[in-house]
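Computed over heavy atoms, backbone and side chain alike; hydrogens, waters and symmetry mates excluded. In what follows, every chain begins at residue 1, and chains take the letters A, B, ... in the order their sequences are listed.
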2 protein chains.
Amino acid sequence: MKRASIKDIARIAGVSVATVSYVLNKKEGHRIGEDTKKKIFEVAETLNYTPNRIARSLQNNKSKLLGLIVADISNDFYSSIARNLENKALKLGYTLIIGSSDENAEKFEKLIDLFSQQQVDGMIVAPVAGCEDILQKLLDRNYPLVTIDRYLKGVNAPGVILNNREIAETTTQFLIDKKFDKIVYVGYETKLQHLLDRQKGFEASVKDSTSDIDAKYIMVGLENISGEVHAEMEKVIGKNPKNTALYFSSNKLAVAGLEYLIKNSIKVPQQVSVLAFDETEAYKLFPAEITYIKQPLEEMADEAIKLLDFQISDYTATSKKITLSGDLIIKKSIK
Amino acid sequence: MKRASIKDIARIAGVSVATVSYVLNKKEGHRIGEDTKKKIFEVAETLNYTPNRIARSLQNNKSKLLGLIVADISNDFYSSIARNLENKALKLGYTLIIGSSDENAEKFEKLIDLFSQQQVDGMIVAPVAGCEDILQKLLDRNYPLVTIDRYLKGVNAPGVILNNREIAETTTQFLIDKKFDKIVYVGYETKLQHLLDRQKGFEASVKDSTSDIDAKYIMVGLENISGEVHAEMEKVIGKNPKNTALYFSSNKLAVAGLEYLIKNSIKVPQQVSVLAFDETEAYKLFPAEITYIKQPLEEMADEAIKLLDFQISDYTATSKKITLSGDLIIKKSIK
DNA sequence: CTGAAAGCGCTTACAG
DNA sequence: CTGAAAGCGCTTACAG
């Protein structure tokens, strides 16, 4: 069934399409007769008329579509971000189109191209390693863009970010003060700046410490997180660790590490204390509630959408970064 | 910066827009001179031309957009579905626009309206209670639509579904054979058919059983799942249950229930055995690996997209349901 | 081998 | 108080 158009309404109501458009969009300054208005609304109603936004988009060059590119929408962290963004976007009349990059620059570029062809009004992206040029090209075209979660050195894009270095530093200090024999940082081998910043924060606290700390590092790739974490933990803390702290730089790493602890019946916090970046529902089922760094997702979404909406309505090249603070949520996983 | 249009290319290459369109879309049957083609490609390249899909959409009445409405995109189950759908959709040249209904029929309708105005070519929806009329209206307009995860009685929509009743029946039987003193079904107070089917399957197995089974039911609302589950479990199994089995009809319920077990140091499977519908990463961190019913998400996504794509290219009113089988993944949580 | 022209469903400056 | 007309960026049947 073909849907009714403004033309159909005009024909049936016996007026011009212009008048219909004015009335339906409630444009002021076109003093149109009350009875004409009423007639138009009636006809629109009986025809079940709904506007074709595609046509409107073509005309005003605004699609009311926002593109969201994350690493993987099935990841807890990103699906929560997506949910928060969805809520905020909807309030401003935008709908979200989503894509997962799988940390792959080529796929990332394909999504950017696709979304740009779909004429999204702006994009919110979690950049992947090696996508600097892709983003730069977009910015050169004055495309409204906001980065989220991550940020790239040398790319002049606005974004909302976490105070990764600072929160890593203070939370590491918190661990140091507990006088562990050994503190293990579990992170990714990566070029992603936000992760490097977490590591730098950790390193800084360790270095500044007056006491002597045995700091170890477990660094894994993205391919086989669980397997690598387990193998490395075996080497670094073994089956029967004592007075040791684990610092996980992401929820995925934490889940992998906690799995190891479970399998080897290592007690938390009696033998090992645990601190992790980011939340995940999984923590709920670990015998000891996990101490974690909570990112203010709702606020992030809010700021990201605001930033983007501003860019859309009034583009200005800027690399304005909004930095939000993580919160350490202290639970029983630390002695 | 305004993006280049086909018109710009035509002007610079000194040909007509029609020719440009033919060449860039590689339309056959328009034997166009090789040098003209080359010229056009060159100009397109230097202008960084990318097609405006909005304009194309308006012309051929195909937006290449698919709407996905789930209860909540931040829920593990739905974000996994979304991810699988995204992959399949991309392969067919579609992009996904998403919305969360929060189990709210009004919000569901708003999303339907919005997506329909955005001219999505079709929708994949997990219906909410009370949305029968909304979907029926859509179907009356011959809107391509596929339901997923859930299904509504009396609405003539195609969909892909799980064999909820059967899998619930056989898995309950599996529990019954283990001779528990008590079997507790944990479900939702709901009108959602797929959940009722799970319950019916459970009830059927209990009823058919030759042995006498003490079957109990914990039914909770959607408002405060965790709180209600904990309170009811306290009443039904107490702090020190023995030879009891818990049958959770969703992963959310399972997480809530397992939390209760953890908090009360109830041993799985020594005291209580556990079986749950659907996966979630959280199971990984429970001391005993959880036995669960795995839905074939990838296959579901595949079938849903195929069904929808078929409806889009050749609409036929149908209530064709594709039923896929769940798999019981047996782990250590059952004695 | 190529182009002029209509049309997709809207919006909006202009005219009356 | 209302309408004729141009135009957004494409596609495509038709003509030559």
What contact category does B:Ser5 fall into here, base, sugar-phosphate, or nothing, at under 4.0 angstrom with non-hydrogen atoms?
sugar-phosphate
More 5' along DNA chain C: A:Arg56 or B:Val15, using each one's nearest nucleotide?
B:Val15
B:Gln117 and B:Asp113: side chain donor to acceptor below 3.5 Å:
no
Does a side-chain N or O of B:Tyr49 approach OP1 or OP2 of D:dC10 to a distance below 4.0 Å, or not?
yes
May I ask you to verify if any side-chain N or O of A:Asn60 is less than 4.0 angstrom from the OP1 or OP2 atom of C:dC10?
no
Does a donor on one side chain sit under 3.5 Å from an acceptor on the other, for A:Asp72 and A:Ser74?
yes
A:Thr36 side-chain N/O to D:dT2 phosphate OP1/OP2 under 4.0 Å:
yes
A:Arg11 and A:Asp8 ion-paired at < 4.0 Å:
yes
Decide salt bridge (Lys or Arg N to Asp or Glu O under 4.0 Å) for B:Lys153 and B:Glu132; before the verdict, give the C-alpha distance in whole Å, the side-chain angles of both, and the deciding distance to 0.1 Å.
CA-CA 8 Å; B:Lys153 288 242 157 127; B:Glu132 286 84 354; over 6 Å; no
So which pairs with a foot in residues 39-51 of chain A pass side-chain hydrogen bond (donor to acceptor under 3.5 Å, both in side chains), sequence neighbours left out?
A:Arg3-A:Thr50
Begin from the C-alpha positions of A:Gln119 and A:Ser57 and carry the test side-chain hydrogen bond (donor to acceptor under 3.5 Å, both in side chains) through to its verdict.
CA-CA 9 Å; A:Gln119 312 295 120; A:Ser57 298; over 6 Å; no
Looking only at side-chain N and O atoms, does A:Asn52 come under 4.0 Å of OP1 or OP2 in C:dC8?
no
Nearest heavy atom decides the nucleotide; on that basis, is B:Val17 or B:Asn61 closer to the 5' end of DNA chain C?
B:Val17
Looking at B:Lys7, does any N or O in its side chain come under 4.0 Å of the phosphate oxygens OP1/OP2 on D:dC8?
yes
To the nearest Å, how far apart are A:Lys62 NZ and D:dC8 P?
16 Å
Do the side-chain N or O atoms of A:Lys37 get closer than 4.0 angstrom to the phosphate oxygens (OP1, OP2) of D:dC1?
no
Between D:dC1 and C:dT12 - P atom distance, rounded Å
22 Å
Output the rounded distance in Å from CG (A:Leu58) to P (C:dC8).
13 Å
Pairs counted only when both distances fall under 3.5 Å, Watson-Crick or G-U: show me the 5' to 3' dot-bracket for DNA chain C, [ ] for pseudoknotted crossings and | for other-strand partners.
|||.||||||||.|||
Phosphate OP1/OP2 of D:dG3 contacted by A:Ser16 side-chain N/O (<4.0 Å)
yes
Is any side-chain nitrogen or oxygen of A:Thr19 closer than 4.0 Å to OP1 or OP2 of D:dT2?
no
Considering only heavy atoms from C-beta outward, does the side chain of B:Val20 approach that of B:Lys7 to under 4.5 Å?
no
From the candidates D:dA13, D:dG9, D:dT11, the one with an atom nearest any side-chain atom of B:Ala55 is D:dG9
Per A:Ala18 side chain, nearest of listed nucleotides C:dC10, D:dA5, D:dT11
D:dA5
